[in-house]
Structures are given as C-alpha cells and as structure tokens.
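Report on the structure given below.
It should be emphasised that the depicted structure is a prediction, and the values quoted were computed from it without experimental measurement.
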Amino acid sequence: MICTLLAFFSYIAKIMAGNQERTFIMVKPDGVQRGLVGEIIKRFEAKGFKLVALKFVWPTQELLEKHYADLSSRPFFPGLVKYMSSGPVVPMVWEGLNVVKTGRQMLGATNPADSLPGTIRGDLCIQVGRNIIHGSDAVESANKEIALWFPNEKDLVSWTPANVNWVYE
C-alpha cells in the first residue's frame, strides 16, 4: 500500500513538473530606486513560485530597444527606452504552475490607477509611467524575454525547493 502511494505521488509530481512554466519579471528603475526589490521577491516567493535567475544590471539602450521592439512604432517608445536606461533594473526568471498568468495578476493592471488593492501596482504605484515592474504577458513572450536577458542557459538554475510538496499536490 505504501509503495503504491509513493508511486502515485511520484507520478503526480512528474505531471506537475511537466506543467511548470517560466516567466520574466523585471523590477524597473523606479522600483529599484524606491527599494522595492525585496518586497516584490517576497510576494512571488510567498505565492510559491521558484526563483531560477536574477541579476542586477544597468541595461543598455540596445538591449531595451530589443526588449520593447513590439512597441517601437508607438509615440512613447523613445521616452520608455530613456526611462528604462536611467538606472539599474533587476531582471528575474520565476518558475511555477501557470506563473505567467498568475504573475500578471499579481502585478495588477499596467495603469496603477486601474490596479486592485493587493496587487503589486495597486499597493505600490500611482502613475503608469512609473509602474515599477514588467511581467511577461504570455509564455511565448516570456521565453523570448528570458533568452534576451539571460542568453546563457547556465544563468538559469535548476533546483527543487524543499517545500515543493507543500506547494503542489
């Protein structure tokens, strides 16, 4: 009986691991300057997501133009790149079940005025131009952003938290 239960839980763990995805989250210059990096990490850890990559970097204009290439035709693009290159940022990769969708919900609406209390932007931001954080909007864009900011696969650390069985069934 115990062997059967162990086999069942091992099988479930493999299924859950197969449903894991990664997302790209970046604390923007205003979030770094305001000392909010720890608070943001705390919220993702408390939710049960696993941090697999993190760095502290002052991004180049070239890197930001690649990152925001889909917005290059928008009138606010030059100001966005200038703002994002005005100070250091903290790009991160988080892993977990439905982490892209859930991460976006945790961030709140792009415009903090539309963000619900309890979300990162709803609790910590006032204006859309200083909304402290970026999060991937889809698995495909997450993969693209992760490859751009963490081009070396060795930058992503594969590990199993001790509490994984307390987070996932």
Side-chain angles (χ1 to χ4, degrees), residues 9-32 36-60 62-72 80-81 83-85 87-112 115-116 118-125 131-169:
F9 287 124
S10 176
Y11 172 74
I12 295 298
K14 286 179 185 176
I15 290 173
M16 293 305 294
N19 290 332
Q20 299 291 309
E21 62 188 28
R22 289 179 173 167
T23 195
F24 178 80
I25 300 292
M26 178 170 49
V27 181
K28 296 178 178 182
D30 57 317
V32 172
L36 298 174
V37 175
E39 172 67 22
I40 291 165
I41 290 172
K42 177 183 169 186
R43 289 182 184 219
F44 277 83
E45 286 182 329
K47 185 69 175 175
F49 294 129
K50 178 173 71 170
L51 183 63
V52 296
L54 175 142
K55 60 184 168 181
F56 186 72
V57 61
W58 199 310
T60 64
E62 179 185 3
L63 177 61
L64 293 166
E65 287 173 351
K66 288 179 185 175
H67 179 85
Y68 290 111
D70 60 322
L71 302 175
S72 63
L80 174 63
V81 171
Y83 153 65
M84 287 297 296
S85 62
V89 298
V90 178
M92 300 176 272
V93 180
W94 289 90
E95 187 176 272
L97 182 64
N98 299 317
V99 70
V100 173
K101 180 180 178 184
T102 305
R104 292 284 291 190
Q105 291 172 338
M106 290 171 62
L107 298 185
T110 301
N111 184 346
S115 294
L116 296 174
T119 65
I120 292 169
R121 291 180 179 138
D123 291 348
L124 305 172
C125 303
N131 66 6
I132 73 169
I133 194 162
H134 165 84
S136 300
D137 60 1
V139 173
E140 298 77 25
S141 57
N143 292 335
K144 179 182 164 197
E145 292 168 345
I146 291 166
L148 180 64
W149 289 85
F150 296 93
N152 187 341
E153 182 64 30
K154 293 190 304 185
D155 291 336
L156 304 173
V157 178
S158 179
W159 64 290
T160 303
N163 70 352
V164 71
N165 292 328
W166 297 106
V167 175
Y168 296 105
E169 308 187 76

How far does [atom1] of [X] sit from [atom2] of [Y], to the nearest 0.5 angstrom?
{"X": "E39", "Y": "K42", "atom1": "CD", "atom2": "NZ", "result": "5.5 Å"}
{"X": "L107", "Y": "C125", "atom1": "CG", "atom2": "SG", "result": "9.5 Å"}
{"X": "M26", "Y": "E145", "atom1": "CE", "atom2": "CD", "result": "7.5 Å"}
{"X": "R22", "Y": "N143", "atom1": "CZ", "atom2": "CG", "result": "9.0 Å"}
{"X": "E21", "Y": "T102", "atom1": "CD", "atom2": "OG1", "result": "8.0 Å"}

(request) Report the residues that fulfil ring pair (Phe, Tyr, Trp, His ring centres under 6.0 Å) with F150, sequence neighbours left out, ordered by chain and then residue number. (result)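 Not a single residue meets the ring pair (Phe, Tyr, Trp, His ring centres under 6.0 Å) criterion with F150.
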
Please examine the side chains of [Y] and [X], heavy atoms only from C-beta on, and report whether any two atoms are closer than 4.5 Å.
{"X": "P91", "Y": "L54", "result": "no"}
{"X": "M92", "Y": "I41", "result": "yes"}
{"X": "T23", "Y": "F49", "result": "no"}
{"X": "K144", "Y": "E140", "result": "no"}

Testing the basics here: between [X] and [Y], what is the closest heavy-atom pair and its distance to 0.1 Å?
{"X": "V100", "Y": "D137", "result": "CG1-C, 3.9 Å"}
{"X": "G48", "Y": "Y168", "result": "O-OH, 4.5 Å"}
{"X": "G108", "Y": "S115", "result": "C-OG, 3.5 Å"}
{"X": "L148", "Y": "L63", "result": "CG-CD1, 3.5 Å"}
{"X": "G135", "Y": "R104", "result": "O-NH1, 2.7 Å"}
{"X": "G96", "Y": "Q20", "result": "CA-OE1, 2.9 Å"}

(message) Would you call the rings of W149 and H67 parallel, tilted or perpendicular, taking 30° and 60° as the class edges?
(response)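 Correct class here is perpendicular.
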
Verify, without hydrogens or angle tests, whether [X] (side chain) and [Y] (backbone) share a donor-acceptor contact under 3.5 angstrom.
{"X": "E95", "Y": "K50", "result": "no"}
{"X": "W58", "Y": "S85", "result": "yes"}
{"X": "R121", "Y": "I133", "result": "yes"}
{"X": "S136", "Y": "F24", "result": "yes"}

(request) Among I132, D30, N131, find the residue that satisfies the side chain to side chain contact (heavy atoms under 4.5 Å, CB included) test when tested with L124. (result)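 Output: one option passes, namely I132.
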
Tabulate below the donor-acceptor pairs under 3.5 Å that side-chain atoms of residues 153-162 make, not counting sequence neighbours, or state none.
from	atom 1	to	atom 2	distance (Å)
W159	NE1	L51	O	2.9

(message) Check for me whether the distance between the ring centres of F44 and W94 falls short of 6.0 Å.
(response)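 Yes, the ring centres sit under 6.0 Å apart.
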
(message) Counting only heavy atoms not in K66 (residues, nucleotides, ligands), do more than 12 fall under 6.0 Å from its NZ?
(response)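 No, because the 6.0 Å sphere around NZ of K66 holds 12 heavy atoms or fewer from other groups.
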
